[in-house]
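These notes are about the structure you will find just below.
As the structure is a computational prediction, the values presented were derived from the model and not from experiment.
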Amino acid sequence: MKEKRLKITTRRWRESDIPRIIECSRAIYNDYPPEFIYNQRQYEMQFKAFPDGQFVAVHKDRIVGYCTAIIVNIDDDFWYDVDEITGAGTFSTHNQDGDTLYGADIGVHPEYRRKGVAMLLYQRRRALLKRYNLRRMIAYGRIPGYQEHAGKMSAEQYVQKVVNGDLRDQALNAHLKAGYQVKKVQLDITIDKASLNYSTYLEMPNPDFNEAKKRIASSFSVKHPARRIRVCAAQYAMKPVASWEEIERNVGFFADFSSSYHCHFLVFPEYFTFQMFSCMKETTYGDMVRKLTEYTDRYVEMFQGLARKYNLYIVGGSQPVRDGDSIYNTAHLFTPTGHVYTQEKLHITPAEREEANIQPGRAIRLFQTPYARVAIQICYDIEFPETSRLLTLAGAEVFFVPYYTEEKKAYFRVRLCSQARAVENFAYVVMTGNVGNMQTRAGSFLNYSQSAILTPSDFSFPEKGVEGEADPNVEAAVVSELTLSALAQQRHVATVRPLHDRRPDLYSLNAVSKVEIIRTE
């Protein structure tokens with residue numbers, strides 16, 4: 001007996017639909033962590049940005065599918081990640097004068113798949129192409145079936161086999177059926193564990209596009225720019241001080257300097273607040289560390305004020321922080337809006353453990369800022385490749401490494417491991433430390449540093465993998481500009497491709513506790 005065809009209709013969203021859209025989205029992406037599902041506020045912003053581009057599929061008043069889209073104007077020479085092209089899911093990048101419809105999301109409730117719902121939604125999108133006279137529609141597509149073939153063939157080979165009909169992939173086959181063409185395969189455009197962070201770049205040309213009419217109707221529209229950040233590494237001098245106010249003046253100098261060079265990020269060294277030891281009465285290292293925890297509130301207040309004043313993201317080195325009876329070596333990320341985020345040092349050196357009873361950190365965190373996806377690995381942490389790789393697979397593009405080293409051998413352990421992490425993860429590493437020496441009641445404190453901004457080692461990067469570095473053992477600052485769009489592209493097309501050429505069929509790396517992805521405000 002022939003199955004009765006369901007009566008499914010499509011229409012534009014209403015704001016009152018959003019709770020049911022979220023419910024549908026959770027059912028569709030049930031293999032995604034909850035933090036990757038858009039919330040009420042994000043959907044509200046999407047709707048307000050471009051209400052004409054958002055549609056739902058309805059069966060008996062139940063939302064069984066939805067799709068979202070915006071108009072953009074992008075440069076095909078660059079690679080854009082999903083947050084960049086969508087304004088971190090807010091659709092603030094919608095550009096009425098653009099020539100491209102970006103299909104941000106389309107999904108069908110699992111109970112309603114293979115019933116023509118996706119085709120009905122695509123009809124709405126094609127109508128948008130014609131209505132707004134757009135040149136094409138693009139999208140990033142999943143390839144969840146690839147995980148069964150990874151290591152035995154490249155992602156490109158897998159996609160070609162699906163295109164040729166030799167293999168099937170639930171997501172890619174649906175896109176091909178809708179009329180998309182695969183233009184290329186990309187890595188790290190979006191975070192998708194099921195697809196091993198690969199995605200297809202899909203294009204659907206509009207056969208009715210009239211370029212002359214588009215030029216007449218649209219004002220001049222600048223292409224969506226390549227994503228770049230400028231970073232400053234503060235190589236800090238450990239000189240005796242008489243009060244906390246002297247530290248505030250020293251720190252303020254670097255904040256003012258980095259602002260004058262229009263930097264987005266400013267990074268200080270690990271334990272630079274040890275400078276306060278020079279004016280303490282305590283006579284042991286452990287007692288001084290415990291005393292220093294009493295300055296945490298002033299430390300936070302100082303950096304919050306500077307981040308706001310100079311509109312900077314500041315990695316405030318690290319500061320010993322007391323939590324109950326325990327002390328953690330804690331890095332802080334301060335944002336221009338006054339918010340504060342922390343990353344505790346995960347791996348504790350014997351000296352920290354034995355002399356100050358510093359405890360190992362409790363979480364691995366990735367910070368999603370409007371400019372870049374960044375991670376903080378404090379000194380010894382960078383010597384453990386497992387955590388760096390986990391962070392890279394979670395989306396990290398830039399590693400900030402505040403360190404404290406007393407002599408050259410210790411410094412080169414951090415330097416060489418930082419360079420290795422840049423190479424093996426195709427990421428940028430910004431490392432900075434303290435210089436100089438101090439006499440305290442607990443003894444002398446020596447420091448050695450040559451701060452550096454490190455890159456992968458391939459043709460599109462500096463020959464020695466060094467974007468910039470300070471002169472050794474003098475107070476200094478290193479400023480460099482990092483192109484993140486190029487980084488994403490080079491991960492895919494460089495001479496060697498360590499993220500592509502892993503062998504998950506032979507080995508695996510899994511976090512016992514998942515990496516916490518924190519969207520900063």
Side-chain angles (χ1 to χ4, degrees), residues 1-32 34-72 82 85-87 89-92 94 96 100-132 134 137-142 144 170-180 190 192 194 202 204 206 208:
M1 184 175 177
K2 191 174 181 180
E3 184 180 352
K4 186 177 179 180
R5 187 173 181 86
L6 298 178
K7 186 178 180 180
I8 297 172
T9 59
T10 58
R11 60 169 171 80
R12 274 176 42 184
W13 282 16
R14 306 183 187 110
E15 280 202 68
S16 58
D17 293 327
I18 290 176
R20 292 185 293 157
I21 291 170
I22 294 173
E23 182 182 344
C24 185
S25 178
R26 286 175 177 159
I28 294 165
Y29 297 111
N30 57 19
D31 58 335
Y32 271 47
E35 62 266 24
F36 282 89
I37 305 298
Y38 287 141
N39 58 35
Q40 175 88 19
R41 177 61 178 151
Q42 286 169 309
Y43 278 128
E44 287 174 356
M45 290 190 285
Q46 291 179 9
F47 179 77
K48 289 176 182 177
F50 185 39
D52 283 358
Q54 325 311 325
F55 300 98
V56 291
V58 181
H59 176 242
K60 294 182 179 180
D61 293 327
R62 181 185 184 186
I63 290 177
V64 299
Y66 67 92
C67 65
T68 63
I70 52 174
I71 299 172
V72 295
V82 170
I85 207 168
T86 64
T90 67
F91 286 7
S92 60
H94 172 66
Q96 198 80 2
T100 297
L101 186 70
Y102 172 64
D105 190 14
I106 185 168
V108 178
H109 193 286
E111 296 175 15
Y112 286 81
R113 287 173 184 160
R114 292 179 291 279
K115 300 182 185 299
V117 178
M119 290 300 106
L120 292 173
L121 293 169
Y122 274 117
Q123 287 175 15
R124 289 284 189 168
R125 283 182 167 179
R126 289 191 186 94
L128 277 180
L129 288 177
K130 189 168 185 177
R131 178 181 174 186
Y132 284 90
L134 301 174
M137 179 163 60
I138 64 168
Y140 296 127
R142 305 177 72 199
Q170 178 182 326
L172 179 52
N173 281 114
H175 286 127
L176 296 172
K177 183 179 178 182
Y180 277 117
T190 185
D192 180 5
L202 305 163
M204 184 186 298
N206 177 11
D208 300 318

Measure up the W13 and F47 rings against each other and bin them: parallel (under 30°), tilted (30 to 60°), perpendicular (over 60°). parallel
Determine whether a donor-acceptor pair (N or O, by modelled atom type, separation under 3.5 Å) exists between the side chain of R20 and the backbone of D61. yes
Taking all atoms of both residues into account, what is the closest heavy-atom pair of A57 and I8, and its distance? CB-CG2, 4.1 Å
I need the C24 SG to E111 CD distance, nearest 0.5 Å. 10.0 Å
In terms of heavy-atom contacts, I70 and I85 come closest through CD1-O, 3.6 Å
Closest approach of P110 and A27, non-hydrogen atoms and distance? CG-O, 3.5 Å
Atom pair CD1 (I106) and NE2 (H175), whose distance is rounded to the nearest 0.5 Å: 7.0 Å
What's the spacing between R131 CZ and L129 CG if we round to 0.5 Å? 12.5 Å
How close do A139 and G103 get, heavy atom to heavy atom, and via which atoms? CB-O, 3.7 Å
Working to the nearest 0.5 angstrom, can you tell me the gap between I63 CD1 and S25 OG? 11.5 Å
Calculate, to the nearest 0.5 Å, the distance between atoms OH and CG belonging to Y43 and N39 respectively. 9.0 Å
Cut-off 3.5 Å, side chains only: do E44 and Q40 have a donor facing an acceptor? yes
So do R113 and Q170 actually touch side chain to side chain, heavy atoms under 4.5 Å? yes
Is the shortest heavy-atom distance from the side chain of I21 to the side chain of Q54 under 4.5 Å? no
For residues Y140 and D192, is any side-chain donor paired with an opposing acceptor at under 3.5 Å? no
In this structure, CZ of R124 is separated from CZ of R12 (nearest 0.5 Å) by 9.0 Å
Shortest non-hydrogen contact from A118 toward V108: N-CG2, 3.9 Å
With a 3.5 Å distance limit and no angle check, can you tell me whether T68 reaches the backbone of D105 through a side-chain donor-acceptor pair? yes
Decide if atom CZ of R62 counts as having more than 12 heavy atoms of other residues, nucleotides or ligands within a radius under 6.0 Å. yes
Could you tell me whether the side chain of Y66 reaches within less than 4.5 Å of the side chain of D17, counting heavy atoms only? no
Just so I know, are the side chains of I71 and Y102 near enough to count as touching, which here means a heavy-atom distance under 4.5 Å? no
Could you report the tightest heavy-atom contact between A194 and R142, atom names first, then the distance? CB-NH2, 3.5 Å
Side-chain contact, heavy-atom cut-off 4.5 Å: M45 with R41? yes
F50 meets the ring pair (Phe, Tyr, Trp, His ring centres under 6.0 Å) criterion, sequence neighbours left out, with H94, Y132
Should H59 and H109 count as side-chain neighbours, where that means a heavy-atom distance under 4.5 Å? no
Close side-chain approach of M137 to Y122, heavy-atom, < 4.5 Å: yes
Backbone N or O of L134 within a donor-acceptor pair of the N206 side chain at under 3.5 Å? yes
